[in-house]
Amino acid sequence: MKPNPEIRRIYKKLLKLHGPQGWWPLLSCAGCNPTKTGSMTGYHPHEYDWPKTERDRFEICIGTVLTQNTAWPNVEKALRNLDDAGLIGCDSLLSTPEQKLAERIRPAGYFNQKAGYLKNLAAFLDKKGSGFSRAELLAVKGIGDETADSILLYAFGRPTFVVDAYTKRIFSALGLIDGSWKYREIKELFEVSLPEDVVVFQEYHALIVEHAKMFYSKKRSRDPANTHDLSTEK
DNA sequence: TTCCAGGCAATAC
DNA sequence: GTATTGCATGGA
């Protein structure tokens, strides 16, 4: 696939527009940047040495599952419930009955399914540590393309691009992709068009989410003047 | 009350 | 391979 220079141009524009995002949000980083859309706390702009502990790495992994088709504030509630119960850790999570776990993560929705997914993922990580491939991660029931890439990029700092519903929405609107593009193709478009840089991949995905929440939300009227039109050059 | 949100797996063609 | 469906809460 050929690089598309528009991908880089839009990255620069988003960065200028919104500034560094400091993903992935973490409970232990509460208060770092209290003004972000969709969540009160947990972001760490300008700091790229997160996660700093195994516990935080595990929290990110859990969060990627909990946020599947779910608004982030609901995920935060579930994470706090887990934290209060000391369940953000492989051992404690694995030794907790699935039904108890489901009750803790109820605010995140699909809690019965996700309780099983979390167990599967925890067992996988407990066994593999950090020595696993994307394909192995995808073989875990409950881990699809986006969740796998989020875990790899944000929890383990591997240079793999995350594609989500917002990415498809924005870049379809810009005419750079269309509905026929599959996950792998969109992912490849970004990866061949950008430097292979974990920080760039992390920030770009986060910026896409931030921008989409502001201007491409289905339930919010879009700015008719659209002063933040990404298709405008510069 | 209805619609939406940082998907995924199972099933049906 | 592509399309459809179930899974579920909390906020707008």
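The chains referred to below are lettered A, B, ... by the order of the sequence lines, with proteins before strands, and numbering in each begins at 1.
Atom NZ of A:Lys141 is separated from atom C1' of B:dG7 by 15 Å (rounded to the nearest Å). For the pair A:Tyr183 OH and C:dT2 P, the computed distance is 17 Å after rounding to whole Å. We find that CH2 of A:Trp72 is positioned 16 Å from P of C:dG10, with the value rounded to whole Å. Taking atom CG of A:Leu121 as the reference point, atom C1' of B:dG7 lies 14 Å away to the nearest angstrom. Rounded to an integer number of Å, the gap from A:Leu66 CG to B:dC8 P is 13 Å. Spacing between atom CD of A:Glu146 and atom P of B:dA5 amounts to 13 Å, rounded to whole angstrom units. The distance between atom CG of A:Asn74 and atom P of B:dC3, rounded to the nearest whole Å, is 19 Å. Between A:Asn112 atom CG and C:dT9 atom P there is a gap of 9 Å when expressed in whole angstrom units.
A distance of about 22 Å separates the P atoms of C:dG10 and B:dC8, rounded to the whole Å.
A:Val163 comes within 4.0 angstrom of no nucleic acid atom, judged by non-hydrogen atoms across all strands. The residue A:Ile208 sits apart from the nucleic acid: no heavy atom pair falls under 4.0 Å. Heavy atoms of A:Lys168 sit nowhere under 4.0 angstrom from any nucleic acid atom. At a threshold of 4.0 angstrom between heavy atoms, the contacts of A:Ala165 are confined to the sugar-phosphate backbone, with no base atom among them.
Closest-nucleotide positions on DNA chain B for A:Ala71 and A:Tyr117 were compared, and the one nearer the 5' end corresponds to A:Ala71. In terms of position along DNA chain B, the nucleotide closest to A:Thr64 lies nearer the 5' end than the nucleotide closest to the other residue of the pair A:Thr64 and A:Gly142. Each of A:Lys77 and A:Gln68 has a nearest nucleotide on DNA chain C; the 5'-most of these lies closest to A:Gln68.
Under 4.0 Å is where a charged nitrogen must lie from a carboxylate oxygen, and between A:Glu103 and A:Lys100 no such pair does. Looking at A:Arg134 and A:Asp145, a side-chain N of the basic residue comes within less than 4.0 Å of a carboxylate O on the acidic one, giving a salt bridge. With respect to A:Lys187 and A:Glu191, a salt bridge is recorded, a charged nitrogen being found less than 4.0 Å from a carboxylate O. Between A:Glu185 and A:Lys182 no salt bridge is recorded (no basic side-chain N to carboxylate O distance below 4.0 Å).
With hydrogens and angles disregarded, a donor-acceptor distance shorter than 3.5 Å links the side chain of A:Tyr183 to the backbone of A:Val163.
Side-chain proximity of A:Pro107 to the nucleotides C:dA8, C:dT2, C:dT9 is greatest for C:dT9. Which of C:dT9, B:dA5, C:dA8 sits closest to the side chain of A:Lys218 comes down to B:dA5. Among the nucleotides C:dT2, C:dT9, B:dA5, the one closest to the side chain of A:Asn69 is B:dA5. In this structure, of B:dA9, B:dC8, C:dA8, it is B:dC8 that holds the atom nearest to the side chain of A:Thr147.
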